[in-house]
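Accompanying notes for the structure given below.
Throughout, residue positions are numbered sequentially from 1 according to the sequence presented.
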Amino acid sequence: MVAPAFADIDGDGDFDIMSGDYYGNFTYYENTGTAASPAFAASVANPFNLSNLGYGGRNTPTFGDLDNDGDFDMMVGSNLGTGMPYDYSQGNIYYYENIGDANNPDFDAPVMNALGITIPSITYTYGPYTYTYGLADQSDPTLVDIDNDGDLDMYVGNGEYYGDIYFYENTGDASNPAFALPLVAASIGSYALTPDFADIDNDGDFDMFNGEIEGNIYFSENIGTNVAPVFAAEIQNAFTDLQDIGYYANIEFVDLDDDGDLDLLVGELYSAFYYFEQCTAPLAPTDDTPSGDLTICSSETTTLMAGGLGTLGWYDAASGGNYLGNGSSFTTGVLSSDMTYYVQDSTCVEGPRTAIDVTVNPLPDNGTSLSGITLSADLTGATYQWVVCPGYTNASGTSTSQNYTPSVDGDYAVIVTNLGCSDTSTCTTISGVGLEQYEPLTNFNVYPNPTEGNFTLDLGQNFDQVTVLVSNSLGQIVLNNSYNEQQLINIQLNDETGIYFVEVLTSEGLRSKVKLVVK
């Protein structure tokens, strides 16, 4: 069995553990973490000049500054008697004064039943022998200022079938304790009782808890005051999960994570420690997502934000559902329709979930139609920006209306914006812009057509200057050359096979355009 007790033994601001055991040893676990995030080092046996109290002692330590000198002294319950074979006055209590200081503990030799402590017992005679039988067998003390008078009183549990808890009032003072004769403070109806005190209902007084041999934990509410305690009838396993810990449940309350409430450590018969963090269901997280990120366009993602005190988890359902991730932010996948996500604070226990709605607007219709050389966007009532392909730079002229007529040949598209969402149309080739200003060439011929890439333009006569433009089926210019005083112009086209358009413009104002097949 192990019997833990908490105290800041080395004065570094966090709680360390000192534990007793059946064999009479003291085992020390230094907290090498912090007050809020404890981490316990490997165990050290019988430190600070402590020594084994005796086999079978079942020593149970508790701490308090009994002499008001600023460091922790230790009281230890034990099963050891003063003599055998006819002395059964087990249940003695040993006082270990800390003769070091708050940072460097050094425990003096133990004194049995010091400071006026009397062990309750009965004495009877059988034949020639007189027997003294202790009624506080396997004593387990705990120190607490139960009457709020500034000094430490003591309660002692026992291992007998009587199930009594003994109260020792400190009738001395904070520096010079003196314990009155014991009174029965409670009768639990079990044995191997291990009392401890905690203001579990936060009403300003100490309530009583008791572990016992079967592993149950009994709760007795203080229905009196902090100066005149009155304990209600005990309730077995009154709190969720605090039940059936294991044989010889030895309990110790402490705020181990520095969060303002009391947690519980329980030792048991087979030397295991069980830690129970006191949990209050956290509040629902707040939705901290900027409003602009709650409405997006189809095929986009967005990042949601939430606030809470602890660990936040993201889900796709109001309860149950799929776990999506954790943290104060969550980035969705690509969305095509409205979606609701749920965020939950699961610090210690799961709290309520907060719904966060994402509105997904569809992409606008980006279709276009062509009439002559005028392009029109199919969707009415939207915002438009006509652009030149393939760089998608803004087109010249009036390019923000539903209809657009370019001033030069080229490839054009429109960016349509509606409900905050934009989409770009496919590119459309516009050719023949301004042809009505030119007269066609007569006797103009291109040969061979089809061609394998090498072809001749026959203009029918010489011109002072001629500009030749060759564009592919996508409207992209692949050749733009000027020639002087030529009737026959030979051109080698190195592009891929396909359909091309050959356009000729002369300085005399003549213009013609023919289709060329490259195979």
Side-chain angles (χ1 to χ4, degrees), residues 290-303 331-338 358-438 467-482 493-505 511-518:
S291 58
D293 293 336
L294 294 174
T295 300
I296 63 172
C297 301
S298 180
S299 302
E300 291 182 348
T301 67
T302 189
T303 297
T331 300
T332 71
V334 173
L335 298 179
S336 59
S337 60
D338 293 351
V358 179
T359 299
V360 180
N361 290 327
L363 296 178
D365 178 6
N366 65 357
T368 60
S369 56
L370 178 64
S371 176
I373 60 171
T374 298
L375 280 164
S376 299
D378 294 341
L379 180 65
T380 60
T383 300
Y384 314 93
Q385 178 61 63
W386 293 90
V387 293
V388 179
C389 303
Y392 298 98
T393 57
N394 290 347
S396 61
T398 305
S399 61
T400 57
S401 300
Q402 185 175 357
N403 304 314
Y404 178 66
T405 301
S407 59
V408 295
D409 288 354
D411 298 328
Y412 297 91
V414 64
I415 302 172
V416 183
T417 302
N418 190 45
L419 298 176
C421 299
S422 300
D423 201 9
T424 304
S425 70
T426 58
C427 296
T428 300
T429 300
I430 302 295
S431 61
V433 175
L435 282 178
E436 68 279 1
Q437 300 175 7
Y438 295 89
T467 298
V468 178
L469 300 173
V470 181
S471 59
N472 60 23
S473 60
L474 297 178
Q476 297 168 327
I477 303 296
V478 298
L479 184 144
N480 184 349
N481 288 333
S482 295
L493 194 63
N494 295 321
D495 285 61
E496 298 179 352
T497 59
I499 303 297
Y500 292 84
F501 297 91
V502 180
E503 185 175 4
V504 176
L505 298 93
R511 183 174 186 174
S512 290
K513 189 174 186 179
V514 298
K515 181 170 70 173
L516 177 71
V517 177
V518 177

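Although no hydrogens or angles enter the test, the distance criterion places a donor-acceptor pair under 3.5 Å between the side chain of Thr302 and the main chain of Asp293. Formation of a donor-acceptor pair under 3.5 Å by the Trp386 side chain with backbone atoms of Thr398 is not found in this model.
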Let me see the working for Val414 and Val387 under side chain to side chain contact (heavy atoms under 4.5 Å, CB included), right down to the final yes or no.
CA-CA 6 Å; Val414 64; Val387 293; over 6 Å; no
Might you work through the side chain to side chain donor-acceptor pair (under 3.5 Å) test for Gln402 and Ser376, ending with a clear yes or no?
CA-CA 6 Å; Gln402 185 175 357; Ser376 299; over 6 Å; no
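Taking CG of Asp338 as the start and OG1 of Thr295 as the end, the distance is 8.5 Å to the nearest 0.5 Å. Rounding to the nearest 0.5 Å places CG of Leu479 at 12.5 Å from CD of Glu503. Between atom CG of residue Leu375 and atom SG of residue Cys427 there is a gap of 10.5 Å, rounded to the nearest 0.5 Å. Expressed to the nearest 0.5 Å, how far CG of Leu379 lies from OH of Tyr384 amounts to 5.5 Å.
Using a 4.5 Å cut-off on side-chain heavy atoms (C-beta onward), Ile430 and Leu370 make contact. Looking only at side-chain heavy atoms (C-beta outward), Asp411 and Val388 stay at 4.5 Å or farther from each other. By the 4.5 Å heavy-atom criterion applied to side chains, Cys421 and Pro364 are counted as neighbours. Under the 4.5 Å side-chain criterion, counting only non-hydrogen atoms from C-beta, Ile296 is in contact with Leu335. You'll find the side chain of Ile477 stays beyond 4.5 Å of the side chain of Asp409, heavy atoms only.
Residue pairs that meet the side chain to side chain donor-acceptor pair (under 3.5 Å) test with at least one member in residues 361-375, sequence neighbours left out, are Asn366-Asp423, Thr374-Thr405.
Remark: Asn481 engages Tyr483 in a side-chain hydrogen bond (donor to acceptor under 3.5 Å, both in side chains) (not counting sequence neighbours). The side-chain hydrogen bond (donor to acceptor under 3.5 Å, both in side chains) search around Ser425 returns none, not counting sequence neighbours. Listed by chain and residue number, nothing satisfies the side-chain hydrogen bond (donor to acceptor under 3.5 Å, both in side chains) test with Ser336 (two or more places apart in sequence, or in another chain). Taking the side-chain contact (heavy atoms from CB on, under 4.5 Å) definition, one finds that Thr331 meets it with Thr301, Thr303, sequence neighbours left out. A search for side-chain contact (heavy atoms from CB on, under 4.5 Å) contacts involving Thr424 returns Tyr392, Ala413, Ile415, not counting sequence neighbours. Val408 is linked by a side-chain contact (heavy atoms from CB on, under 4.5 Å) to Tyr412, counting only residues two or more places apart in sequence or in another chain. Among residues two or more places apart in sequence or in another chain, the side-chain contact (heavy atoms from CB on, under 4.5 Å) test is passed with Thr426 by none. Partners of Asn472 by side-chain hydrogen bond (donor to acceptor under 3.5 Å, both in side chains), not counting sequence neighbours, listed by chain and number: Gln476.
Residues Gln385 and Ala395 approach most closely at NE2-N, 4.3 Å, considering heavy atoms. In plain terms, the two heavy atoms of Val416 and Ala382 that are nearest each other are CG1-CB, 3.7 Å. Of all heavy-atom pairs between Pro362 and Ser298, the closest is CA-CB, 4.2 Å.
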